[in-house]
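Atoms considered below: every heavy atom in the structure, side chains included; atoms not considered: hydrogens, waters and symmetry mates. No experiment lies behind these values; they were computed from the predicted model shown.
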Amino acid sequence: MGTLAAAQPLLIALILAWSGYGKLTSPDQADRTALPRLLGESGTARPGWFGASRAVAAYRGVAVLEIVIALLLLRSWAIGAVAAVALSVGFTGFLVYSKIVVPEASCGCAGKSAKPVGNRAIGRALLLLATAGLAATASTAWWSAGVGLLVLVVEAAAFAMLSAELDRYWLLPLRRLRIRLGHPYAGTASDDTPLVATQRRVLLSPAYRAVDGLLRSDIHDYWDDEDWRYVSYAAKYDGRRATAVFAVPHQNSTPSAIRVAVVDEEGLTLYRPTVLATAG
Amino acid sequence: MAGITAEASWFCCGNAWGPCGSAGHGACGTCNSGSMQHAWPNTSDACYAITRPDSCGITGMSRRTCGFRHATTSPCTGKRIVTSIADCGPQTDLFCGERSCCGGNCASNRVIDFTPAAFSALGLSLSSGLSPVSIDVA
Amino acid sequence: MTTTMDRRSLLSRAALGATGLVAATAMGSLAPEAAFAAQTPDAGQPDPNFAEGVITGRNQDLLQVQGSDGRLHRIQLTGVTSVWKLRPTTIDQARIGDGLYARGVLLPDGILAAEAIWVNIVNLTVAITAIGRNGVQFDHHGQKVVGHVQSGTTAAVYNGTPAVSDLSMLTVGRHAQVIGAWRPGTNEIDIATIYTSN
């Protein structure tokens, strides 16, 4: 236990240095956290778009404090450990405040991450608190911890798994690999044409250009019949209510193959452009 | 400024329903889905740093601030609307080279996002979501 | 249902040119501006011919909608109103608790006669963070959104090529734009179209 406690200051120092460096290199991240709200700067602006100076200053201040405590832990580990306990109590409190008061705010813990404060971020702060607490009980310096240092590898892995900022280095590649081995949607390909593909073909057609000024709605109805898919829109023709119906061939993909007619409520065909092939 | 042709989409704002609940009133604090407004990728340095139209090769994207008016015409429908800037966006750099067409008109690169009110006022379908437009100063 | 089938069959024949024209084609009558000469709203102002909000009441085909900007709307649906709810559907699908966008014509009595409504529609710029049998997990500005795949409806557009039903090229870590239908009261959507790269 003694060597384990003694080893902790090294890990805490590395984590604080990483986190402080992240904050110093992306000070704009302060606007996405709950700091502006905590410091009474909260506006209606979307976090991150415009600067909020007091929050940025406080954010930078915390970063400097983290680096100072990290250096202290490496040299005067006993004082450093007490300071780290105080800092992690502050972090945990801030994250809990953040989750309750500004749920959409991100943690800002180690620089760029838009993720709102979640259980992982709070868990990480608690783990840091526990580590700092353990370090405060150490009776020897970390450089004489010996095998205790090996345990740090396991602890560092636990920190990494709780860090959303590091997901892209291990979690996303792992998920990509799993999908490469068997994609959950491997069987979704089919010969059916999605409606959005038909809609796009209609928009590209001379037929659409011939009637676009008459259309009053989005797609009203659609159906398939043998070689064609039909798509209808509500339309107005000469002040009369009507329907514009497009016939889109399944096989022929040339835009000019698409036909259109405008039909009134009684079923009379009011308009059918006939020179589409040359209009295209 | 000569008009530019670009790809347009739509976004919601104003603490409305669904995933829009946390969207807020945009960078300008005025954005509402039901108003005639749009987002522009260069409203401030901080905004430009996020949208990065230069990474798609678009240089000289004018700095326009909240309330600035643009007139937009849809080559699909021939309709023209005037809208004002209410937010920073879209994230142009995520969609470099993406193209949408309407009739014989095509456009690449997302440089404008409209509120649902404005997008549908152009006669465009919210369900198709993307369309070429030509943008000018109102 | 029979009338729908009859109407569809009539429209099919008209589109294919199997019906006679009653009016000669007169391009002069097609001026699109004439139909939309209605006043255009001022930039930055609410559009009176548009409504956004949550459906709080429904009396037959008249919807009561509470707008997020504080406006209250009464929206009349008719047989010619186009209704989108994941796909083009019928007017009975607009339910209390649904979110909606509506475009139409504001009548003098304050009722919006809807020409098109889009129910629960969302358009999200996201990153794909996980793909599983139960759905695709997205990161939407830091918030988690779960997208469900609906067989026969969900389509993917890869690198701007025509939409296909094949979703096997979706990749974790990629950015995507998703048009979908929100499931009220949840952070879940049904995916209509996902635009991404592969």
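A pairwise comparison of heavy atoms in B:Ser9 and C:Gln177 identifies OG-NE2, 3.1 Å as the closest pair. Between B:Gly18 and C:Trp182, the shortest heavy-atom contact is CA-CE2, 3.3 Å. Among all heavy-atom pairs drawn from C:Phe50 and B:Ser33, the shortest one is CE2-O, 3.9 Å. Shown here for B:Met36 and C:Asp42, the closest heavy-atom pair between the two residues is CB-O, 3.8 Å. Between C:Glu52 and B:Ala16, the shortest heavy-atom distance links the atoms OE2-CB, 3.1 Å.
The part of B:Ser128 that comes within reach of chain C is its backbone (N, CA, C, O), which places non-hydrogen atoms under 4.5 angstrom from that chain. Only the side chain of C:Leu124 has a heavy atom closer than 4.5 Å to any heavy atom of chain B. Of the atoms belonging to C:Asn123, heavy atoms from both backbone and side chain fall under 4.5 Å from chain B. C:Ile121 touches chain B through backbone and side chain together, each having a heavy atom under 4.5 Å away. Looking at C:Arg183, there are no atoms closer than 4.5 Å to chain B (heavy atoms on both sides), in backbone or side chain. Heavy-atom distances place no part of C:Asp98 under 4.5 Å from chain B, backbone and side chain included. C:Gln45 touches chain B through its backbone: at least one of N, CA, C or O sits under 4.5 Å from a heavy atom, while the side chain does not. Contacts between B:Arg99 and chain C at a heavy-atom distance below 4.5 Å are absent for every atom of the residue.
Between the C:Asp69 side chain and the B:Asn32 main chain, no donor and acceptor come within less than 3.5 Å of each other.
Interface check for chain C: of the options B:Gly14, B:Ala86, B:Ser127, B:Gly97, the most heavy-atom pairs under 4.5 Å are formed by B:Ser127. For the options B:Gly129, B:Ser84, B:Pro116, heavy-atom pairs under 4.5 Å to chain C are most numerous at B:Pro116. Comparing B:Ala118, B:Ala71, B:Ala121 by how many heavy-atom pairs each has under 4.5 Å with chain C, the most go to B:Ala121. With respect to chain C, the highest number of heavy-atom pairs below 4.5 Å among B:Thr83, B:Val82, B:Leu94 belongs to B:Leu94. Contacts with chain C were tallied for B:Arg110, B:Arg80, B:His38; B:Arg110 has the most, counting heavy-atom pairs under 4.5 Å. Each of C:Ala176, C:Ala43, C:Ala192, C:Ser68 has some count of heavy-atom pairs under 4.5 Å with chain B, and the biggest count is that of C:Ala43.
With rounding to the nearest 0.5 Å, the separation of CH2 in B:Trp10 from CD1 in C:Ile179 is 6.0 Å. Summarising the geometry, atom OG belonging to B:Ser125 is positioned 12.5 Å from atom CZ belonging to C:Arg103; distances are rounded to the nearest 0.5 Å.
For the pair C:Trp118 and B:Ser120, the minimum side-chain heavy-atom distance is below 4.5 Å. Side-chain contact between C:Tyr195 and B:Leu130 is present, with heavy atoms from C-beta onward closer than 4.5 Å.
Counting only N and O atoms by type, the side chains of B:Gln91 and C:Thr125 include no donor and acceptor under 3.5 Å apart.
By the 6.0 Å contact criterion, CG on C:Asn159 is enclosed, its count of non-hydrogen atoms from other residues, nucleotides or ligands being greater than 12.
Here C:Tyr101 and B:Trp17 bring their ring centres to under 6.0 angstrom of each other.
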